[in-house]
Amino acid sequence: MISNKRIALLGLAILVMTTSASAWYGWANRDKGPRTQMAWVYKGTDARELFDYADIVALGTVTAAYPGRVVYVNGGEDKLPYQLVEFSIESAVKGVRDGEIVMIERAGGMDPDGQYHVIDADGGEYWAGARYLLFLKWQENRSGYTYLINDAARYESERGRLTAVDDEDPVSARFEDMRANKALDLLRSWN
Amino acid sequence: MNKRRASTLWVAIAVVGVYLGSAGATWANNRWGCWKYQNASINVYNGASQAWYRHYQKKIWSHSRAWDPYTDLVLTQVSSPGKTDHINCYADFYGNNGWLGIAEILTYSGCIIKEGRTRCNKTYLNNGGYSKKNKRHVACQEVGHLFGLDHQYANTCMNDSILTKPRPNAHDRNMVNGIY
């Protein structure tokens with residue numbers, strides 16, 4: 001018969017092993033966090049204010065994304081590439097009509113030296129074929145191009161539900177995990 | 001050892017195990033992921049010009065609450081940009097794309113940043129609508145990110161919902177000193 005002492009020692013050994021494995025797993029898989037941080041021009045704390053600030057609010061599908069301009073600084077010491085994203089409007093709420101295509105310009109992508117710039121504070125690259133609810137603003141001095149207002153202005157719609165870039169953001173929390181149709185109804189009521 | 005003592009021991013070990021298991025994934029607030037430089041000695045290249053050169057100088061070295069004198073960091077100013085243990089700082093007209101500043105980690109190994117880059121967007125910040133204090137708030141914040149800090153909501157340049165506190169606070173200092 002096994003004594004209580006042996007049972008305790010066996011349990012101790014198992015727990016030490018599982019504890020070590022758990023600690024190692026937690027450490028190895030800790031979230032590194034995004035690769036960029038951004039200070040936004042507009043950083044509101046209320047979803048209605050974000051809606052009022054936006055020129056365009058719509059649910060649509062990204063149909064294509066490709067390289068755009070590159071900003072060269074100090075003769076090329078710093079290069080910031082931009083990407084152009086075609087956003088096909090399916091459910092317009094504000095500033096556009098269904099069927100229109102809106103061009104979004106965002107920082108990120110490959111620069112001419114082959115250096116990839118992971119700009120992910122805005123949610124990162126858009127996936128062609130994916131659906132998004134976006135709050136956009138027209139660019140001043142660059143007609144025809146829009147930009148994403150901030151990280152609370154982008155929601156991916158998967159199986160009819162919205163996912164925010166940062167679900168802890170107070171504005172994003174308003175739409176996080178909301179059904180897209182319900183969000184559209186709410187937004188249209190603000191129009 | 002009786003059964004009662006053995007059970008107590010098991011419970012104590014389980015509690016410690018759960019704590020240690022979650023510790024690797026849990027970081028204090030205001031910590032940006034697990035990012036940091038190898039150590040407190042970091043090379044900093046100020047690639048901005050004119051007034052923006054001075055904004056970076058002020059926020060990194062010359063003000064009493066600038067990152068170098070206020071924290072344990074040893075920030076060595078270098079004359080050219082680099083890709084190892086470097087922060088390269090810039091300010092230019094990047095366009096009307098909704099952002100005032102970006103802190104970008106270009107190259108890294110694990111959680112160790114090799115090359116970080118800060119950019120202040122003069123398209124907005126030099127359009128007449130932003131004060132010197134606002135500009136220095138952004139410069140202070142972008143550099144602060146690369147030391148491993150996230151945004152926080154207090155009277156500090158790491159607060160991204162205001163632009164009027166162009167210096168780190170004691171919490172930022174303690175976080176940075178704790179990281180390095």
Side-chain angles (χ1 to χ4, degrees), chain A residues 3-5 7-9 11-12 15-16 18-45 69 71-74 77-78 80 82 105-107 115-119 121-122 136-142 145 147-150 153, chain B residues 1-3 5-7 9-10 13-14 16-18 20-27 31-35 45 47 49 80-81 88 90-108 110-111 117 119-121 123-124 137-138 141-142 145-146 150-151 160-161 163:
Chain A
S3 69
N4 285 341
K5 191 173 181 181
I7 292 173
L9 285 172
L12 178 68
L15 277 170
V16 166
T18 53
T19 298
S20 303
S22 173
W24 176 85
Y25 184 82
W27 180 260
N29 290 283
R30 65 197 186 280
D31 183 16
K32 284 181 182 168
R35 291 264 298 275
T36 50
Q37 294 277 357
M38 282 169 135
W40 299 98
V41 172
Y42 176 85
K43 185 72 182 173
T45 55
R69 68 191 168 106
V71 176
Y72 293 82
V73 179
N74 290 3
E77 262 182 25
D78 179 35
L80 182 63
Y82 279 87
E105 188 183 52
R106 66 173 297 276
Q115 168 78 57
Y116 206 85
H117 296 260
V118 179
I119 308 291
D122 62 347
L136 305 170
K137 198 90 176 153
W138 288 110
Q139 289 190 27
E140 294 169 37
N141 309 323
R142 194 164 155 80
Y145 293 92
Y147 63 85
L148 187 77
I149 292 172
N150 58 34
Chain B
M1 186 182 292
N2 62 32
K3 283 184 180 174
R5 287 181 69 185
S7 301
L9 184 63
W10 280 43
I13 291 169
V16 172
V18 169
L20 288 175
S22 60
T26 304
W27 293 82
R31 179 77 170 93
W32 180 16
C34 63
W35 299 114
Y45 169 66
S49 58
S80 58
N88 301 317
Y90 298 96
D92 213 293
F93 294 90
Y94 292 100
N96 289 103
N97 290 82
W99 54 270
L100 300 173
I102 292 182
E104 180 188 2
I105 297 166
L106 268 96
T107 55
Y108 62 96
C111 292
R117 205 171 285 188
R119 300 182 180 93
C120 290
N121 191 352
T123 304
Y124 292 104
H137 182 109
V138 177
Q141 182 177 120
E142 300 314 324
H145 282 313
L146 291 174
D150 203 340
H151 297 124
D160 66 336
S161 59
L163 290 173

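Chain naming here is simple, since letters A, B, ... match the order of the sequence lines and numbering starts at 1 in each. None of the values given here were measured: they were computed from a predicted structure. All values below were derived from every heavy atom in this structure, side-chain atoms included, with hydrogens, water molecules and symmetry-related copies excluded.
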Q: Could you go through B/Asn88 and A/Asp78, starting from their C-alpha distance and side-chain angles, then the distance that decides it, and tell me whether this counts as side-chain contact (heavy atoms from CB on, under 4.5 Å)?
A: CA-CA 9 Å; B/Asn88 301 317; A/Asp78 179 35; over 6 Å; no

Q: As an exercise: rank A/Val71, A/Asn141, A/Leu80 by heavy-atom pairs under 4.5 Å with chain B and give me the winner.
A: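 Heavy-atom pair counts peak at A/Leu80.
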
Q: Under 4.5 Å from any heavy atom of chain A, what part of B/Tyr94 do you find: side chain, backbone, both or neither?
A: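 Both backbone and side chain.
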
Q: So which of B/Ala91, B/Ala103, B/Pro81 has the biggest tally of heavy-atom pairs under 4.5 Å with chain A?
A: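 Of the options given, most contacts go to B/Ala103.
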
Q: Heavy-atom pairs under 4.5 Å with chain A are the metric here; pick the option from B/Asn97, B/Asp92, B/Ile105, B/Leu100 that has the most.
A: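 Top count of heavy-atom pairs under 4.5 Å with chain A: B/Asn97.
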
Q: For A/Asn150, is it the side chain, the backbone, both, or neither that has a heavy atom closer than 4.5 Å to a heavy atom of chain B?
A: neither

Q: Which region of A/Val41, side chain (C-beta onward) or backbone (N, CA, C, O), has a non-hydrogen atom less than 4.5 Å from a non-hydrogen atom of chain B, or is it both or neither?
A: both

Q: Under 4.5 Å heavy-atom distance to chain B, tell me which part of A/Val118 shows up: side chain, backbone, both or neither.
A: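 For A/Val118, the backbone is the part near chain B, not the side chain.
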
Q: So which residue, A/Ile119, A/Asp122, A/Leu148, ends up with the most heavy-atom pairs under 4.5 Å with chain B?
A: A/Ile119

Q: How close do A/Pro34 and B/Trp35 get, heavy atom to heavy atom, and via which atoms?
A: O-NE1, 3.0 Å

Q: Can you say whether B/Gln141 sits under 4.5 Å from chain A via the side chain, the backbone, both, or neither, judging by heavy atoms?
A: side chain

Q: With chain B as the partner, which of A/Glu140, A/Arg106, A/Lys137 has the greatest number of non-hydrogen pairs under 4.5 Å?
A: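 Max contact count across the listed options: A/Glu140.
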
Q: Which region of A/Tyr82, side chain (C-beta onward) or backbone (N, CA, C, O), has a non-hydrogen atom less than 4.5 Å from a non-hydrogen atom of chain B, or is it both or neither?
A: side chain

Q: Please report the shortest heavy-atom distance between B/Trp99 and A/Ala107, naming the atom on each side.
A: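 Taking every non-hydrogen atom into account, NE1-CB, 4.5 Å.
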
Q: Return the option, out of A/Glu105, A/Arg69, A/His117, A/Gln115, with the maximum number of heavy-atom pairs under 4.5 Å with chain B.
A: A/His117

Q: For the candidates A/Lys43, A/Gln37, A/Arg35, A/Met38, which exhibits the highest count of non-hydrogen atom pairs separated by less than 4.5 Å from chain B?
A: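 Going by pairs under 4.5 Å, I would pick A/Gln37.
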
Q: Checking heavy atoms, do the side chain of B/Tyr108, its backbone, both or neither come under 4.5 Å from chain A?
A: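 Contact with chain A is through the side chain of B/Tyr108 alone.
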
Q: The test is side-chain contact (heavy atoms from CB on, under 4.5 Å); show your working for A/Tyr145 and B/Asn96 and say whether it passes.
A: CA-CA 10 Å; A/Tyr145 293 92; B/Asn96 289 103; over 6 Å; no

